[in-house]
Amino acid sequence: MTDVRLTAWVRGRVQGVGFRWWTRARALELGLTGWARNTADGRVEVVAEGPEASCARLLELLRGGDTPGRVDVVVERWSDAKGSLHGFVER
């Protein structure tokens, strides 16, 4: 199975509510590597690498409504994994 890279930009009330911590916990449960960081415009950017099914599950969770804060929209981009990520961190 080939690994993929998911980049997701999450808009809503997602900063200052534990969203990056929650995302990190879900990603680690799914065996993904990557990071989550706040952006200057109020979004959270999530980059995750691993099996496509695991990345798709993380995307479902980000959109699922059980996140801290409030998610209004998630924009996604899929690409080939670069293999340079280790662990999953909050930036």
Side-chain angles (χ1 to χ4, degrees):
M1 209 178 265
T2 304
D3 285 353
V4 298
R5 174 177 279 214
L6 165 67
T7 304
W9 293 272
V10 184
R11 183 175 297 281
R13 192 171 66 81
V14 291
Q15 291 189 7
V17 294
F19 188 86
R20 290 177 300 142
W21 175 88
W22 178 90
T23 299
R24 178 182 179 270
R26 301 297 77 77
L28 289 172
E29 289 170 357
L30 292 166
L32 300 172
T33 60
W35 46 268
R37 70 175 178 154
N38 290 337
T39 64
D41 64 3
R43 296 176 299 168
V44 169
E45 180 181 16
V46 177
V47 173
E49 286 190 357
E52 184 175 2
S54 297
C55 287
R57 178 64 183 141
L58 179 62
L59 185 60
E60 288 175 13
L61 292 168
L62 293 173
R63 291 179 167 147
D66 291 331
T67 64
R70 183 193 75 249
V71 173
D72 293 335
V73 67
V74 179
V75 176
E76 70 194 81
R77 181 177 68 204
W78 294 90
S79 57
D80 294 334
K82 296 181 179 167
S84 59
L85 303 173
H86 304 284
F88 201 100
V89 298
E90 296 174 56
R91 290 188 172 173

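- For the pair Ser54 (side chain) and Gly50 (backbone), a donor-acceptor distance under 3.5 Å is absent.
- Under a 3.5 Å cut-off, the side chain of Glu52 and the backbone N or O of Thr2 do not form any donor-acceptor pair.
- For the atom pair CG (Asn38) and CD (Gln15), the distance works out to 3.5 Å, reported to the nearest 0.5 Å.
- Both Trp21 and Val46 are members of a single hydrophobic cluster when ILVMFWY side chains are connected at heavy-atom separations under 4.5 Å.
- Open room surrounds CG on Asp80; 12 or fewer heavy atoms of other groups in view lie less than 6.0 Å from it.
- Linking ILVMFWY side-chain heavy atoms closer than 4.5 Å, directly or via other members, places Val44 and Leu28 in a single hydrophobic cluster.
- Heavy-atom neighbours of Trp78 CH2 from other residues, nucleotides or ligands within 6.0 Å: above the threshold of 12.
- Residue-environment remark: CD (Glu29) exceeds the threshold of 12 foreign heavy atoms within 6.0 Å.
- Looking at Val47 and Leu6, their side chains never come closer than 4.5 Å, going by heavy atoms from C-beta outward.
- Residue Arg5 holds its CZ atom at 12.0 Å from CG of Leu32, rounded to the nearest 0.5 Å.
- Thr7 places none of its side-chain heavy atoms less than 4.5 Å from the side chain of Glu76.
- Distance check, rounded to the nearest 0.5 Å: CD of Glu90 to CH2 of Trp35 gives 13.0 Å.
- One N or O on the side chain of Arg24 and one on the backbone of Phe88 form a donor-acceptor pair closer than 3.5 Å.
- Counting heavy atoms from C-beta on, the side chains of Ser79 and Val4 never come closer than 4.5 Å.
- Rounding to the nearest 0.5 Å places CH2 of Trp9 at 12.5 Å from CG of Leu62.
- A side-chain donor-acceptor contact under 3.5 Å links Arg20 to the backbone of Arg91.
- Here the side chain of Arg63 pairs a donor or acceptor atom with the backbone of Val74 at under 3.5 angstrom.
- Judged by distance alone, with hydrogens and angles left aside, the side-chain atoms of Glu49 form no donor-acceptor pair with the main-chain N or O of Cys55 at under 3.5 Å.
- Taking every heavy atom of both residues into account, Val14 and Phe19 meet most closely at O-CB, 3.2 Å.
- Across every non-hydrogen atom of Leu58 and Ala48, the tightest pair is CD2-CB, 3.8 Å.
- Inter-residue side-chain proximity for Leu30 and Leu61 is flagged as met; some heavy-atom pair is nearer than 4.5 Å.
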